[in-house]
Amino acid sequence: MKVLVINTGSSSIKYQLFEMPEGRVLCSGLVERIGEEMGKITHKQLTESAENVFKEEMAIADHKVGMQQIEMLLVDKVYGVLRNADEVSLVGHRVVHGGEDFSSTTQITEAVKNKIKELAPLAPLHNPPNLVGIEASEKIFPNATQIGVFDTAFHQSLPEYAYRYAIPKDLYEEHGIRVYGFHGTSHRYITKRAAKLLNKPLESINLITIHLGNGASMAAVKNGKSIDTTLGLTPLPGLVMGTRSGDIDPGVLFYLNETLGYTLPEIKDLLNKESGLKGLSGENDMRGITERAEKGDKDAQLAIAVYTYRIKKYIGSYIAAIGKVDALIFTAGVGENSPVIRALSVEGLEPLGIELDTAKNQNRGGERKISTEKSKVGIWVIPTNEELEIANQTYELAK
Ligand code: ADP
């Protein structure tokens, strides 16, 4: 069965066509700069032995035109794999915010679309384009069942004492201000993979999952369910990220406004786009920061110290939240590729039963254990695959 996975941004559509249940990728691609003077399409047809790549620059007026291009490429005689678009039975859409309404994968209906629209104020940069992608897909793949997979869904199992903020309760009851958390599809995927690799039933696995990409978050997973997470109402708190501050005293915002004269939009930009690794070191790419730190650059060294100290603090607090932890799991760009960040994040945690094998930590590629044999808590690297998780969930719901 062919499942198309769609991730729509404000000016882009990322896609992968899967053969399910095998989970094999048949085609993948990216339509970029939608609505701009010149757009770009990159499409790959993947066979067992080769990649057949198509690239073109052309004006792409809107998401519907972008989706049409994807359809044409999927059925193309040279670059496609389908005889006609009706072979796509299911389309799985990444939707960033599902609020309290969606704790699991859901078939898209008019009511579901209205809810996604209602939740737009909580994710103004993501939910509106996600909805545009769904509507374009409904038009271009009218015979496929459209399914929504929500980034927030995995964290809907948080207990109330973990998801409530200590602010007047009306703000929660009337306006939904609470912790929602994000990156749920990634945390769920690595939780499922970890259960397989550790040979434990999903229902009894206890993990601390550490997703370190441009955005970054951790989850405390108890009995296979998320019980706490570092992102909140918005994707701003918690860990230090590429350009986002992570945790900060809310009093800093008042100081910026009242004493230094920053406006609210300026503060929003400052915390979202100019902070995190970029704020501390001048750049947001961990590769460059690591190279500079090795050469003695003080700002880069400090950025790494702040970044890894924050992770370590959350490991400690999540051990307290969970009790007995089976494993820590590192994932995403930094988590999968940076031995030094992994090492510094767990340095000194031996008294808590966390013992890194420094040689194994240097290994590259694939799912791998990097703790010593006697470490009470395992340490693993598990590459995330959000698209495959969306395909899996879409397929599971429909079958
Ligand atoms: P996104 O959140 O956009 O999906 P990724 O998961 O691809 O991001 O992660 C991007 C981050 O991973 C960047 O900060 C990049 O510097 C970092 N990264 C990728 N490879 C390495 C590496 N070898 N060492 C350190 N950081 C890396």
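Start at 1 and go down the list; that is how both ligands and their atoms are numbered.
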Problem - ILVMFWY cluster, Ile370 and Ile315 together (side-chain gap under 4.5 Å) - result: yes
Handout entry: Closest non-hydrogen atom pair between Val96 and Asp151, with its separation
Key = O-CB, 3.1 Å
Fill in the blank from the handout: protein heavy-atom neighbour closest to atom 1 (P) of ligand 1 works out as Asn214 N, 3.8 Å
Handout entry: Test item, Gly242 contacting ligand 1 (heavy atom, 4.0 angstrom)
Key = no
Fill in the blank from the handout: Restricting to heavy atoms, the pick from Glu386, Arg287, Arg364 nearest atom 24 (N) of ligand 1 would be Arg287
Handout entry: Close side-chain approach of Phe330 to Val346, heavy-atom, < 4.5 Å
Key = yes
Problem - Six-ring centre of Tyr307, Arg310 cation under 6.0 angstrom, axis tolerance 45° - result: no
Handout entry: Distance filter under 4.0 Å to Asn284 heavy atoms, resulting ligand 1 atoms
Key = 14 (O)
Exercise for the section: Inspect the contact between Glu203 and Lys225 and indicate whether a charged nitrogen and a carboxylate oxygen are less than 4.0 angstrom apart. Expected result: no
Exercise for the section: Look at Lys40 together with Glu56 and state whether they make a salt bridge at an N to O cut-off of under 4.0 Å. Expected result: no
Exercise for the section: Using a strict 4.0 Å threshold on nitrogen-to-oxygen distance, state whether Glu355 and Lys376 make a salt bridge. Expected result: no
Completion exercise
Quick look: Thr290 vs ligand 1, heavy-atom contacts under 4.0 Å, and the answer is neither
Practice task
Please write down residue, atom name and distance for the protein heavy atom closest to atom 14 (O) of ligand 1.
Solution key: Met286 N, 3.5 Å
Exercise for the section: Say whether Ile341 and ligand 1 are in contact under the criterion: heavy-atom distance to a ligand atom below 4.0 Å. Expected result: no
Handout entry: atom 16 (O) of ligand 1: nearest protein contact (heavy atom, Å)
Key = Asp285 OD1, 2.4 Å
Exercise for the section: Show the numbers, then the answer: is there a side chain to side chain donor-acceptor pair (under 3.5 Å) between Ser186 and Thr384? Expected result: CA-CA 6 Å; Ser186 174; Thr384 194; 2.8 Å; yes
Exercise for the section: For the pair Glu283 and Lys278, find out whether any cationic side-chain nitrogen is under 4.0 Å from an anionic carboxylate oxygen. Expected result: no
Exercise for the section: Considering only non-hydrogen protein atoms, determine which one is nearest to atom 5 (P) of ligand 1 and report residue, atom name and distance to 0.1 Å. Expected result: Gly333 N, 3.7 Å
Exercise for the section: May I ask whether atom 26 (N) of ligand 1 is less than 4.0 Å from at least one protein heavy atom? Expected result: yes
Practice task
May I ask you to list the atoms of ligand 1 that are less than 4.0 angstrom from any heavy atom of Val334?
Solution key: 11 (C), 12 (O), 17 (C)
Problem - For Asn337, atoms of ligand 1 separated by under 4.0 Å from a heavy atom - result: 19 (C), 20 (N), 21 (C), 22 (C), 23 (N), 24 (N)
Fill in the blank from the handout: Per-atom filter on ligand 1: closer than 4.0 angstrom to a heavy atom of Gly215 are 2 (O)
